[in-house]
Amino acid sequence: MVISKHPRRRDAKAENGARRDLQYPEPPEPLGVACYDNHTHLEIEDGEAGLEIGEHMDLAAAANIRGAITVGGDVESSRWQVRAANEDEWLLAAVAIHPNEAPNVAAAGELDAHLAEIESLACDERVAAIGETGLDFFRTEGAEALSAQFESFEAHIGIAKRLGLPMQIHDRDAHDDVVATLRRVGAPEGTVLHCFSGGPELARICAEEGWYCSFAGNVTFKNAENLREALDVLPRERILVETDAPFLTPVPLRGRPNAPYLVPHTVRFMADRLGIEADALAQRIAENTLGLYGPFDRAERAAWRARGAGARRG
Ligand SMILES: [Zn+2]
Ligand SMILES: [Zn+2]
């Protein structure tokens with residue numbers, strides 16, 4: 001299988017400037033039942049090994065992670081994800097302009113054209129979601145940039161609803177505005193807060209609205225008690241798991257390269273917190289994932305769409 005080399009590479013230094021350990025961690029003990037990575041960025045290379053897509057997915061399969069959604073952040077990376085998902089049966093794609101990228105695209109006068117391109121990419125049958133879109137008040141500031149971010153978020157909501165696709169939301173320091181925007185404009189049927197970063201209050205709102213919360217490796221971080229409290233109050237049918245790889249590697253592997261095969265660490269940690277068996281949680285998450293995005297397997301996906309699941313798409 002030939003997929004172009006990784007177009008991006010993660011910084012070898014951590015955010016605090018320290019050198020990271022670039023070795024991929026040992027594979028974990030596989031889960032007893034198949035589970036899925038709701039959100040990863042396979043186009044961003046990391047680590048000394050520089051794993052190719054097929055190697056990533058073989059490692060994932062050995063850990064019983066039977067699929068991943070690889071997520072775009074601009075037109076170019078979204079195109080890459082769609083190509084990857086067409087070449088690897090265990091990958092589905094999500095396409096969007098990231099909220100930190102939207103202001104740059106808008107400043108260049110290209111927002112409408114790029115949104116049109118995202119909508120046309122989203123019609124590919126290997127695209128499972130619109131994402132990641134949303135609001136990020138941590139990295140974006142200034143009235144003009146923020147207004148472009150809101151405009152882009154609302155436009156992505158429109159695309160998701162027109163195509164009948166779920167949506168993966170990036171919400172950084174923007175809980176209130178994300179919720180208010182979704183309520184004002186009307187949320188797509190399958191709305192997911194990726195790398196869930198709120199506490200129990202936001203989790204209760206999501207439960208009320210029927211939105212999914214996808215937990216990344218940071219749920220294992222020592223200072224993330226609010227995430228664990230959110231997990232406590234969520235109905236199980238709203239829980240998803242993700243890596244957001246190559247970032248947010250779960251403890252005790254923090255700082256090392258992250259990849260879909262490391263999902264079992266996060267599932268085991270979450271199950272432990274909830275006081276249930278890891279395989280019971282994995283099973284629940286697998287059902288949530290497949291119910292939301294449909295099957296990964298090409299033939300099963302075609303049959304699923306033929307039954308009308310994909311019929312809303314033009
Ligand atoms: Zn994000
Ligand atoms: Zn992401």
Side-chain angles (χ1 to χ4, degrees), residues 6-11 15 36-46 53 56 60 65 67-82 84-85 91-105 118 127-140 145-146 149-150 152-153 156-157 160 165-175 177-179 181-182 190-198 202 206 211-219 221 224 227 230 240-250 257-260 262-263 266 289 292-293:
H6 304 268
R8 289 172 64 197
R9 190 166 168 88
R10 184 183 172 191
D11 204 312
E15 279 188 18
Y36 299 87
D37 181 351
N38 175 75
H39 182 110
T40 187
H41 299 278
L42 286 190
E43 92 284 11
I44 307 176
E45 188 179 42
D46 193 16
I53 307 300
H56 268 301
I65 302 307
I69 296 180
T70 185
V71 179
D74 56 25
V75 165
E76 197 192 335
S77 72
S78 293
R79 246 184 231 128
W80 192 96
Q81 317 302 343
V82 173
L91 277 180
L92 289 171
V95 297
I97 301 162
H98 193 283
N100 290 325
E101 181 57 19
N104 304 330
V105 178
I118 291 295
V127 170
I130 297 299
E132 56 186 292
T133 178
L135 300 172
D136 186 323
F137 298 165
F138 180 75
R139 286 196 201 280
T140 295
L146 287 172
Q149 202 172 75
F150 274 96
S152 174
F153 182 29
H156 281 90
I157 295 172
L165 280 169
M167 185 172 67
Q168 294 195 356
I169 294 175
H170 170 103
D171 158 24
R172 188 149 184 201
D173 294 355
H175 306 326
D177 288 271
V178 163
V179 171
T181 304
L182 287 170
T191 290
V192 179
L193 272 66
H194 111 80
C195 189
F196 184 80
S197 60
L202 184 59
C206 291
W211 302 336
Y212 294 82
C213 303
S214 180
F215 290 86
N218 55 344
V219 71
F221 294 179
L227 302 186
L240 298 170
V241 71
E242 66 174 63
T243 54
D244 208 1
F247 311 102
L248 296 176
T249 320
N258 199 6
L262 296 172
V263 161
T266 307
T289 305
L292 179 61
Y293 301 111

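It should be emphasised that the depicted structure is a prediction, and the values quoted were computed from it without experimental measurement. One-based numbering, in listed order, for ligands and for the atoms of each.
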Quiz item: Would Asn38 and Tyr212 satisfy side-chain hydrogen bond (donor to acceptor under 3.5 Å, both in side chains), going step by step from the backbone distance to the final call?
Solution: CA-CA 11 Å; Asn38 175 75; Tyr212 294 82; over 6 Å; no
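- For His170, the ring-ring contact (aromatic ring centres under 6.0 Å, His included) partners at least two apart in sequence or on another chain are His98, His194.
- No donor-acceptor pair under 3.5 Å is formed between the side chain of Thr70 and the backbone N or O of Ala93.
- The ring-ring contact (aromatic ring centres under 6.0 Å, His included) check on Phe196 picks up Phe215, with sequence neighbours excluded.
- For the Zn ion (ligand 2), protein N/O/S neighbours under 2.8 Å (waters excluded) are His39 NE2, His41 NE2, Glu132 OE2, Asp244 OD1.
- Remark: Ala245 pairs with Thr40, Thr243, Asn258 by the side chain to side chain contact (heavy atoms under 4.5 Å, CB included) rule, at least two apart or across chains.
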Quiz item: Could you walk me through whether Asp37 and Thr289 pass the side chain to side chain contact (heavy atoms under 4.5 Å, CB included) check?
Solution: CA-CA 9 Å; Asp37 181 351; Thr289 305; over 6 Å; no
